[in-house]
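Below is one structure, written out as structure tokens; comments come after it.
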Amino acid sequence: LSAMAKENENVYRIVALHNRTNTKDLHPEYDCLQTRIFKIIVIGDSNVGKTCLSYRFCGGKFLKNPEATIGVDFRERTVEIDGENIKLQIWDTAGQERFRKSMVEHYYRNVHAVIFVYDITKLSTFENLPDWIEECGRHAVSPLVPRILVGNKCDLRDRCQVSTSLAQRLADSYNFPLFETSARDPTEKEHVDAIFMTLAYKLKNHKPLRLKQPSECSMVHLSEEQDVQSPCLC
Ligand SMILES: Nc1nc2c(ncn2[C@@H]2O[C@H](COP(=O)(O)OP(=O)(O)OP(=O)(O)O)[C@@H](O)[C@H]2O)c(=O)[nH]1
């Protein structure tokens with residue numbers, strides 16, 4: 001597919017997802033099997049390994065020769081936590097500005113969790129993190145939406161430009177958990193899973209808000225005591 005055709009295809013998919021959000025009889029965070037669905041976006045510079053990380057989690061393998069993401073790619077994995085199936089819908093976003101500018105609004109809409117990725121072998125990808133975090137804030141993502149920081153390509157430790165202590169300081173300054181891992185290294189597979197499962201546990205335990213009027217059923221911004229944007233059960 002050409003870049004433009006691919007971008008159009010993704011817009012159709014996004015519209016379909018948003019339409020589902022607006023359907024009253026099919027709740028946005030439940031699929032037809034009544035599995036709760038959580039949207040997680042993966043954000044960061046181009047080439048840091050966002051596609052490979054999400055593919056490792058959803059496909060179980062290292063994706064050889066990934067192409068630059070155009071707009072967004074979607075992957076899903078259903079996980080079982082305490083006897084409940086939950087579906088994690090991973091939005092693998094484009095790092096290149098030219099492939100993301102028309103899509104940015106869609107990325108952040110109704111997001112449940114955000115993963116910021118940098119490449120430990122490329123300092124600039126780490127230095128750009130505050131810009132990504134700021135963009136997220138600019139799109140009115142609630143500060144209560146869980147966010148985590150992931151340093152990828154740890155199989156290339158000998159080329160490391162971002163020390164763990166430096167990354168930890170940044171993570172602490174934002175109060176985000178920090179993970180360092182490798183999408184490529186097969187021995188890190190469980191660790192990659194653990195990153196996504198950490199979010200899955202957090203999201204699962206969010207208490208849904210019961211709204212009184214079904215007609216008003218929509219994503220809602222809750223107060224700090226109540227919790228983050230959560231599924232409402234009408
Ligand atoms: N050594 C190593 N290379 C990796 C790892 N993860 C990804 N790569 C490589 O890094 C390059 C970019 O990977 P992608 O997953 O496409 O990066 P991206 O962040 O999705 O890039 P955009 O789609 O342009 O935003 C590819 O050549 C991958 O093979 C890793 O953990 N270790």
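Everything numeric in this text was worked out from a predicted model, so none of it was measured. We number each residue from 1, following the sequence as shown. In listed order, ligands and their atoms are each counted from 1.
You'll find the side chain of Q89 stays beyond 4.5 Å of the side chain of H112, heavy atoms only.
Below 30°, between 30° and 60°, or above 60°: for F57 and F196 the angle between ring planes is below 30°, a parallel geometry.
Although no hydrogens or angles enter the test, the distance criterion places a donor-acceptor pair under 3.5 Å between the side chain of H191 and the main chain of E180.
The other members of the hydrophobic cluster of Y55, by chain and number, are L63 (side-chain heavy atoms under 4.5 Å, ILVMFWY only).
Sorted by chain and number, the heavy-atom contacts of ligand 1 below 4.0 Å come from D45, S46, N47, V48, G49, K50, T51, C52, F62, P66, A68, T69, A94, G95, N152, K153, D155, L156, S182, A183, R184.
With respect to R138 and E134, a salt bridge is recorded, a charged nitrogen being found less than 4.0 Å from a carboxylate O.
F62 and I90 end up in different hydrophobic clusters when Ile, Leu, Val, Met, Phe, Trp and Tyr side chains are linked at under 4.5 Å.
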